[in-house]
Amino acid sequence: MAKNLLIVESPAKAKTIEKILGEDFEVKSCYGHIRDLEKDDMGIDVNNNYHPRYMVPEDKEKVVKELKTLAKKSNEVWLASDEDREGESISWHLAEVLGLDPATTKRIVFHEITAPAIKKAVDTPRRINMDLVNAQQARRVLDRLVGFELSPVLWRKIGMQRSLSAGRVQSVAVRLIVEREREINQFTPESSYKVEALFAAKDINGKSVSFKADGPAKLNSQETAQQFLESCKGATYAVADVQVKPAKRTPAAPFTTSTLQQEASRKLGYGVAKTMLLAQKLYESGQITYMRTDSVNLSDTAMGDINNEINQSYGKQYYQSRRYKNKNESAQEAHEAIRPTYMNQHTVDDADTRRLYELIWKRTIASQMSDAEFEKTIAKISISTNKDQLTATGEVMKFDGFLKVYLEGKDEEDEEDTEGILPPLTVQQQLEFREMTATQKFTRPQPRYTEASLVKKLEELGIGRPSTYAPTISTIIKRNYVEKRDKEGVKRDVSILRLSKSGEVEKEVIQENTGAEKSKMFPTDLGMVVTDFLKQHFQKVMDYGFTARIEQEFDEIADGKLKWANMIDSFYKPFHSNIEVTLETAERAKGERELGIDAATGKKVIARMGRYGPMVQIGHADDEEKPRFAKLKSTQSIETISLDEAMELFKLPRNLGLFEGSEVTVNIGRFGPYAAHDKKFYSLNKEMDPYSVTLEEVAPMIEEKRKAKDERTIKVFEKEKIQVLRGPYGPYIKQGLRNYKLTKEQQEKAADLTIEEVKAIIEELKANPPKKVARKKKS
DNA sequence: CAGTGAGCGAGCTTCCGCTTGACTT
């Protein structure tokens, strides 16, 4: 008797479900989508109702073949892909490929992998929902049309590097980073003065302790700050009012993909790819639920386990059952929130995944814990010499609640986040004055995005899905549109006015570091030029609301109220004619910017995109004299480089003079600063600055490097361009860029090898490349 | 390995979303 075949998307789920369903079911996975659009002609018949042409990609042939065989042998096939647009489409593709009748094939869905949920699903099968499938086809076709028509426009109008790309998601992600960078570049900080007074009073043990009180509103100039401090000279201070208020804090919802990525970034410093890799490991070993989800929901079984765990570990008073609602409209909630499979497992053995696991465990537990309760004290302090009041605030925790386990991190560190404890204060109480300061504060621009805060923003805009956040970031980095790096800060002066006990106002200037960044997303010049080009010509697709708008139309298709080909048609007609107009009329985008005039020649200096990257240029191509060119340094940008910095770049190459009868020049090349001498190249040592290094320093370096190279060279066959060299593992053969290893016996007579022998060795090694030994895994 | 800086127009690149291995160091 043939069994039932049930197909899910993920192999880890298949295993669990097979255990739950027992012998009647064989559960297999299809590993996500099994078909995609052909690449030729976009895989879409644009002139025939956008009819899609699907094919099974090469890497899916094996699994499709296996499923076909199993389906034939089975009594009945059940399709159990995820319950969302993509999942419905996967079921439909499976039905098509396996030759199942969509009108009779059983389709089941569940949001959690628990026995009751699976059994209930099997008891209530439905059919494939073609409206939902059509909504997915519309999504797929639209993304293909946008991506495969926009990208070639970039190849034609920007050029630069091969593999330029544009798409509904990636181009908007780059735009966010580009616009944030410009906001920061254009930002002018405004300064104001913050008044803070230090007092002393006796605490409950009668010991004198100091505490801070804030001044009235921020003062916007040094003069007003000075005046305020002067007006407090010789004053006495008394408590005018004390208020005590209760306050509380509530825990955050369980993790989704996006919040897990954000929190792992803030608390563990992981990039989104690392977080997802570790989460995948935990998922595959059965320790957490599925890690690509937009749902904050917990299964009933999990809720019960969490209740038990909190009662046992912390006590009943720490438990508070909570249901979280998703704030995000675009969420499709095909899975649970990310949580540990077994709540009584507080940690895992594997050191790599432990920190992430513990973060997930804490967040999940905390989400069902009581509020943290505080008592907030606000004391007003009067000043005898003027009408203003100072305010001292203190916070005391009365009950820790969920804070016993976990506190969610913040993206921006607030400097004024430290509310301490106040000594007991009573109205009319006279306070001992220690000092009062007015410190200059500067407004700050929005911070640059981290990988995770970019994901957060994309999610808010409804752009991208849990499975694509990390890959999208890899793509825009790989395309060289953005880069993740650090930036050094700059020093700036901060004025502090201080009124001391003795009654004098003194001024002090200290320095602070500002604008330093660590592991942030910066746009490249290429990213800026591409973004400007796309914004100028394809405003609609680049709009932050574009995805949200078409999602509404996909929903209408899913509800059966709109035909998908009609929806695509009304998008594509104007889009495609826009493509044609742009190809015909748009100028090549160069991101050109005028920097000023070269004092020596009176010619214009411009910064722009060249064929090989960002560069500066003196003069014009039409001039009688050829223009001069120089490449920008990797830390410089077309948008921000100054004339002086540009002129500095033209100081290279420098001719240092003659050494052994030939000229020595220094320059910065593809691989960093180098010296050229007698047609050979020598990388400059780290401490050598190409702008100032002298012949006296370079000449000995050349001799040294030449000697080292001679010592490494055993034999040279000039004509064949083959060398026998001495490396750290003994003699080896080098031909062009490739190295060939010698056997022990060959190494011993390396100096006597003839050209015939060397050629034979190379032929042999090319025909039978030595097997690579896999490196041992770190344990 | 260390140049080039515009365009001959050969032949190449590209999207988003669903899933894991199969490769290499």
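Residue numbers begin at 1 in each chain, while the letters A, B, ... track the order of the sequences.
- Rounded to an integer number of Å, the gap from A:Lys28 NZ to B:dT20 P is 15 Å.
- Rounded to an integer number of Å, the gap from NZ of A:Lys679 to C1' of B:dG3 is 16 Å.
- The phosphate of B:dT19 (OP1 or OP2) has a side-chain N or O of A:Arg292 nearer than 4.0 angstrom.
- Among the atoms of the strands shown, base atoms are found under 4.0 Å from some heavy atom of A:Ser683.
- Straight-line distance from the NZ atom of A:Lys60 to the P atom of B:dA22: 14 Å, rounded to whole Å.
- Rounded to an integer number of Å, the gap from A:His677 NE2 to B:dA2 C1' is 16 Å.
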Secondary structure of DNA chain B per the Watson-Crick/G-U criterion (both distances under 3.5 Å; [ ] crossing, | other strand, . unpaired) is .........................

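- Between the CD atom of A:Glu58 and the P atom of B:dT19 there is a distance of 22 Å, given to the nearest Å.
- Across all strands, A:Thr468 comes closer than 4.0 Å to base atoms (heavy-atom distances).
- Spacing between atom CZ of A:Arg465 and atom C1' of B:dT19 amounts to 14 Å, rounded to whole angstrom units.
- Here A:Tyr682 does not reach the OP1 or OP2 of B:dA2: none of its side-chain N or O atoms lies under 4.0 Å away.
- Between the OH atom of A:Tyr469 and the P atom of B:dC16 there is a distance of 14 Å, given to the nearest Å.
- Residue A:Asp59 is out of contact with every strand shown, counting any heavy-atom pair closer than 4.0 Å.
- Residue A:Tyr283 is in sugar-phosphate contact alone, with no base atom involved, counting any heavy-atom pair closer than 4.0 Å across all strands shown.
- Looking at heavy-atom distances under 4.0 Å, A:Tyr290 makes contact with sugar-phosphate atoms alone, never a base.
- Between B:dG7 and B:dG11, the two C1' atoms lie 16 Å apart (nearest whole Å).
- Using a 4.0 Å cut-off, no side-chain N or O of A:Arg139 falls inside it from OP1 or OP2 of B:dG17.
- The nearest whole Å value for the distance from the NZ atom in A:Lys13 to the C1' atom in B:dC18 is 11 Å.
- Atom name C1', nucleotides B:dA6 and B:dA2: the rounded distance is 23 Å, in whole Å.
- Applying the ring pair (Phe, Tyr, Trp, His ring centres under 6.0 Å) rule to A:Phe575 yields the partners A:Phe571; only residues at least two apart in sequence or on another chain are considered.
- Classification of the A:His677-A:Tyr682 ring pair by plane angle, with boundaries at 30° and 60°, yields tilted.
- Under the ring pair (Phe, Tyr, Trp, His ring centres under 6.0 Å) criterion, A:His33 pairs with no residue at all, not counting sequence neighbours.
- When the ring pair (Phe, Tyr, Trp, His ring centres under 6.0 Å) test is applied to A:Tyr50, the partners found at least two apart in sequence or on another chain are A:Tyr572.
- Salt bridge annotation for A:Lys60-A:Asp36: absent, with no cationic side-chain nitrogen under 4.0 angstrom from a carboxylate oxygen.
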Quick tally for nucleotides 5-15 of chain B: nucleotides whose base has a protein heavy atom under 4.0 Å get B, sugar-phosphate-only ones S, the rest -, giving BBB----BBBB

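- Contacts of A:Trp78 classified as ring pair (Phe, Tyr, Trp, His ring centres under 6.0 Å), with partners at least two apart in sequence or in another chain: A:Phe25.
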